[in-house]
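Notes for the one structure printed next.
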Amino acid sequence: MSTKLPGSLSVAAYGLFSESTTQAHQLGAYIESEDGRGYRYCKVGATALVVGNLQQGPAEVTNHQNLTAPASAIGVTSVAVTLGATAATANQYAEGWMVISVTPGGGYQYKIKSHPAADASASLTLTLEDPIEVALTASSRIDLVASPYSAVIVNPSAATSNAIGVAVNNIAASSFGWLQTSGPAVCLADGTVTVGTNVSASNATAGAVEAAVTAQSAVGYAMSGIATTEFGAIYLTID
């Protein structure tokens with residue numbers, strides 16, 4: 001819910017086929033090529049990206065959801081929550097959100113600026129970008145939601161988050177770079193894909209797409225026929 005709304009980038013710090021160990025843009029920053037292809041800025045997780053593979057955001061942590069909220073007055077920008085039985089690393093949720101899932105305050109989301117590490121079942125103090133708009137009480141509940149562009153991983157056969165884009169370069173683990181999210185792209189196919197048909201994230205081959213399945217993340221449609229285990233043209237509609 002950050003009130004900072006600078007819009008899309010007009011100049012990128014480096015090219016689509018480059019990477020850096022130093023963050024240059026806000027996670028999720030969007031830029032388009034002159035031919036209309038769209039890209040989002042991301043940080044890679046513990047495993048390097050492989051070009052042509054579909055990626056997803058970091059897996060949800062269920063022990064960091066439905067947390068009891070402390071009493072928090074309107075205007076405060078620091079909230080301490082007690083985690084469930086999973087530890088949090090420093091800034092695991094930086095550039096992500098504190099989502100108020102149960103009233104009072106239900107429906108609001110607050111962008112997280114930073115936080116320290118915390119042990120399982122310990123208190124975690126979140127520093128927010130924006131002040132609390134509706135006072136929280138002990139009846140409120142909080143979900144911690146990481147930025148989908150932080151610690152991205154290859155889209156697994158059993159989804160643990162949402163599909164967010166296709167790797168356009170082999171980016172090293174823990175480095176920063178670009179994922180393609182819209183327009184003509186190249187992606188690995190699981191099973192034969194027919195030109196002009198919708199495609200979904202595969203539930204059998206990590207990093208691949210397959211003929212559309214309603215229960216799986218829709219990512220676009222085929223621009224050409226693609227044989228199984230080959231790479232082919234997909235028009236991405238993720239973002």
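Not measured: the values here are computed from a predicted model.
Put simply, the side chain of Pro70 reaches to within 4.5 Å of the side chain of Val79, judged on heavy atoms. Side-chain atoms of Val219 and Val199, non-hydrogen and from C-beta on, do get closer than 4.5 Å to each other. A heavy-atom distance below 4.5 Å is found between the side chains of Tyr110 and Glu133. Using a 4.5 Å heavy-atom cutoff, the side chains of Pro116 and Leu124 are in contact. Under the 4.5 Å side-chain criterion, counting only non-hydrogen atoms from C-beta, Tyr149 is not in contact with Tyr41.
Between the side chain of Gln55 and the backbone N or O of Val166, no donor-acceptor pair lies under 3.5 Å. Not a single donor-acceptor pair under 3.5 Å links the side chain of Asn63 to the backbone N or O of Gly84. A donor-acceptor pair is defined here as one N or O able to donate and one able to accept, closer than 3.5 Å; such a pair exists between the side chain of Ser140 and the backbone of Pro104. Here the side chain of Asp143 pairs a donor or acceptor atom with the backbone of Asn66 at under 3.5 angstrom. A distance-only check finds no donor-acceptor pair linking the side chain of Glu210 to the backbone of Ser202 [under 3.5 Å]. Looking at Thr197, its side chain does come within 3.5 Å of a backbone N or O of Thr194 through a donor-acceptor pair. Remark: side-chain polar atoms of Gln56 are not paired, donor with acceptor, to backbone N or O of Leu54 under 3.5 angstrom. At distances below 3.5 Å, at least one donor-acceptor pair connects side-chain atoms of Arg141 with backbone N or O atoms of Ala138. A donor-acceptor distance shorter than 3.5 angstrom exists from the side chain of Glu95 to the backbone of Leu27, with no hydrogens or angles considered. At least one donor-acceptor pair under 3.5 Å links the side chain of Gln180 to the backbone N or O of Ser182.
Residue Ile132 is grouped with residue Val81 when hydrophobic side chains (ILVMFWY) are merged at heavy-atom distances under 4.5 angstrom, including chains of intermediate members. No continuous path of ILVMFWY side-chain contacts below 4.5 Å connects Leu188 to Val168, so the two sit in separate hydrophobic clusters. Following chains of ILVMFWY side-chain contacts shorter than 4.5 Å, one can reach Leu16 starting from Val152, so the two form part of one hydrophobic cluster. The hydrophobic cluster containing Leu136 also contains Leu128, counting ILVMFWY residues as joined when their side-chain heavy atoms lie under 4.5 angstrom apart, directly or transitively.
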Checklist entry - Should Thr47 and Ile153 be marked as a side-chain contact (heavy atoms from CB on, under 4.5 Å) after you check the CA-CA gap, both sets of side-chain angles, and the distance that decides it? => result CA-CA 7 Å; Thr47 302; Ile153 61 173; over 6 Å; no

Item to check | side-chain contact (heavy atoms from CB on, under 4.5 Å) between Val61 and Leu83, intermediate numbers included | outcome: CA-CA 10 Å; Val61 181; Leu83 300 177; over 6 Å; no

Next on the checklist: Between Thr103 and Val134, is the side-chain contact (heavy atoms from CB on, under 4.5 Å) condition met? List the steps.
Outcome noted: CA-CA 9 Å; Thr103 294; Val134 175; over 6 Å; no

Item to check | Check against side-chain contact (heavy atoms from CB on, under 4.5 Å), Asn170 and Val50 | outcome: CA-CA 5 Å; Asn170 299 322; Val50 176; 4.2 Å; yes

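When all heavy atoms of Thr21 and Ser175 are compared, the closest pair comes out as CG2-OG, 3.9 Å. Scanning all heavy atoms of the two residues, the minimum distance from Ala48 to Val44 falls at CA-CG1, 4.3 Å. Counting all heavy atoms, side chain and backbone alike, Ala94 lies closest to Ser114 at CB-CA, 4.5 Å. Closest approach of Thr228 and Thr192 over heavy atoms only: CB-N, 4.0 Å. Here the closest heavy-atom approach between residue Val193 and residue Ala211 is recorded as CG2-N, 4.4 Å. Nearest heavy-atom pair across Cys187 and Ile234 is CB-CG1, 4.1 Å.
For the atom pair CE (Met98) and NZ (Lys113), the distance works out to 15.0 Å, reported to the nearest 0.5 Å. Going from atom SG of Cys42 over to atom CG of Leu179 covers 3.5 Å, rounded to the nearest 0.5 Å. Here the straight-line distance linking atom CD1 of Ile226 with atom CZ of Phe231 works out to 10.5 Å at 0.5 Å rounding. Atom OG of Ser200 is separated from atom CG of Asp190 by 11.0 Å, given to the nearest 0.5 angstrom. Between the CD1 atom of Ile112 and the CD atom of Gln92 there is a distance of 10.0 Å, given to the nearest 0.5 Å.
In this structure, His64 and Tyr93 have perpendicular ring planes: the angle between them is above 60°, well past the 30° mark.
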